[in-house]
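Each remark here refers to the structure printed beneath this line.
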Amino acid sequence: MVMTRNLPALVALLALAGCAAETFPENPAPTPPTSPGFYASMASPGAKIDAQGAAEMISLYRRNHGLETVAVDSGLMEEARRQAEAMAAADKLSHEVRGTLTDRLNHAGYAKSRAVENVSAGYHTVAEAFSGWRDSPPHNANMLARGMTRMGIAAVYNPRSKYHVFWTLVMAN
């Protein structure tokens, strides 16, 4: 008996729920969160580095040490790419595989700039490279160099190398 008394209320409630669905059909399902770009693996052909994410990570680290932030610079991105490509092609980790940093930057139009460079190999993600540089005193000193306001970063994949991924970070004032 109790069930039959509540039946009209239940029917009305279900009808109202149906109206609500019809009234708001554009209720999308929530989008699953995506992984930040600094966790994307660079160990595959065509992998694209998240330079802006890297700049934000490095800038936050620099701000936490009372230093200026860095912005992505297209010319330094190109220079970093060339250096990483040269290391990957030679299968050799080297600051001078294409000449000294000063010579390379002068040739690229960055004469009289103060600059630092980190190179490394074997890290698969920006986060791994950043952590490796942070844990290495000379690389960390470069990331925390005073006056740096622009940066370029590159990762180049060489499947035939024992390292697989070659990295270059160039920062300048």
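Everything numeric in this text was worked out from a predicted model, so none of it was measured. When reading the values below, keep in mind they use all heavy atoms of this one structure, side chains included, and skip hydrogens, waters and symmetry mates.
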Listed once per pair and sorted, the salt bridge (Lys or Arg N to Asp or Glu O under 4.0 Å) pairs that draw on residues 74-88, sequence neighbours left out: Glu78-Arg81, Glu78-Arg82, Glu79-Arg98, Glu79-Arg104, Arg81-Glu85
Does CZ in Arg134 sit with more than 12 non-hydrogen atoms of other residues, nucleotides or ligands closer than 6.0 Å? yes
Measure from the side-chain N and O atoms of [X] to the backbone N and O of [Y], and report whether any donor-acceptor pair falls under 3.5 Å.
| X | Y | value |
| --- | --- | --- |
| Glu68 | Gly147 | yes |
| Ser59 | Ala55 | yes |
| Asn173 | Arg114 | yes |
| Arg62 | Ala145 | yes |
| Asn118 | His139 | yes |
| Asn140 | Asp135 | no |

Taking all heavy atoms of [X] and all of [Y], pick out the closest pair and write down the distance.
| X | Y | value |
| --- | --- | --- |
| Ala51 | Val72 | O-CG2, 3.6 Å |
| Met42 | Ala155 | CG-CB, 3.7 Å |
| Val156 | Ala88 | CG1-CB, 3.7 Å |

Going from [atom1] on [X] to [atom2] on [Y], what distance comes out if it is rounded to the nearest 0.5 angstrom?
| X | Y | atom1 | atom2 | answer |
| --- | --- | --- | --- | --- |
| Ser113 | Met171 | OG | CE | 13.0 Å |
| Asn64 | Leu144 | CG | CG | 10.0 Å |
| Thr100 | His107 | OG1 | NE2 | 12.0 Å |
| Tyr163 | Lys92 | OH | NZ | 11.0 Å |
| Leu67 | Tyr61 | CG | OH | 10.0 Å |

Side-chain touch [X]/[Y], heavy atoms, less than 4.5 angstrom:
| X | Y | result |
| --- | --- | --- |
| Met87 | Leu93 | yes |
| Leu76 | Tyr110 | yes |
| Phe166 | Val97 | no |
| Met151 | Ile58 | yes |
| His95 | Leu101 | no |
| Ile153 | Met77 | yes |

Look at the side-chain heavy atoms of Ile, Leu, Val, Met, Phe, Trp and Tyr, link any pair under 4.5 Å apart, and say whether Val119 and Trp167 land in one connected group. no
Side-chain heavy atoms nearer than 4.5 Å, only ILVMFWY residues, links allowed to pass through others: does that put Val70 and Val170 together? no
Give the C-alpha distance, both sets of side-chain angles, the deciding distance and a yes or no for side-chain contact (heavy atoms from CB on, under 4.5 Å) between Val116 and Met148. CA-CA 8 Å; Val116 295; Met148 300 296 116; 4.2 Å; yes
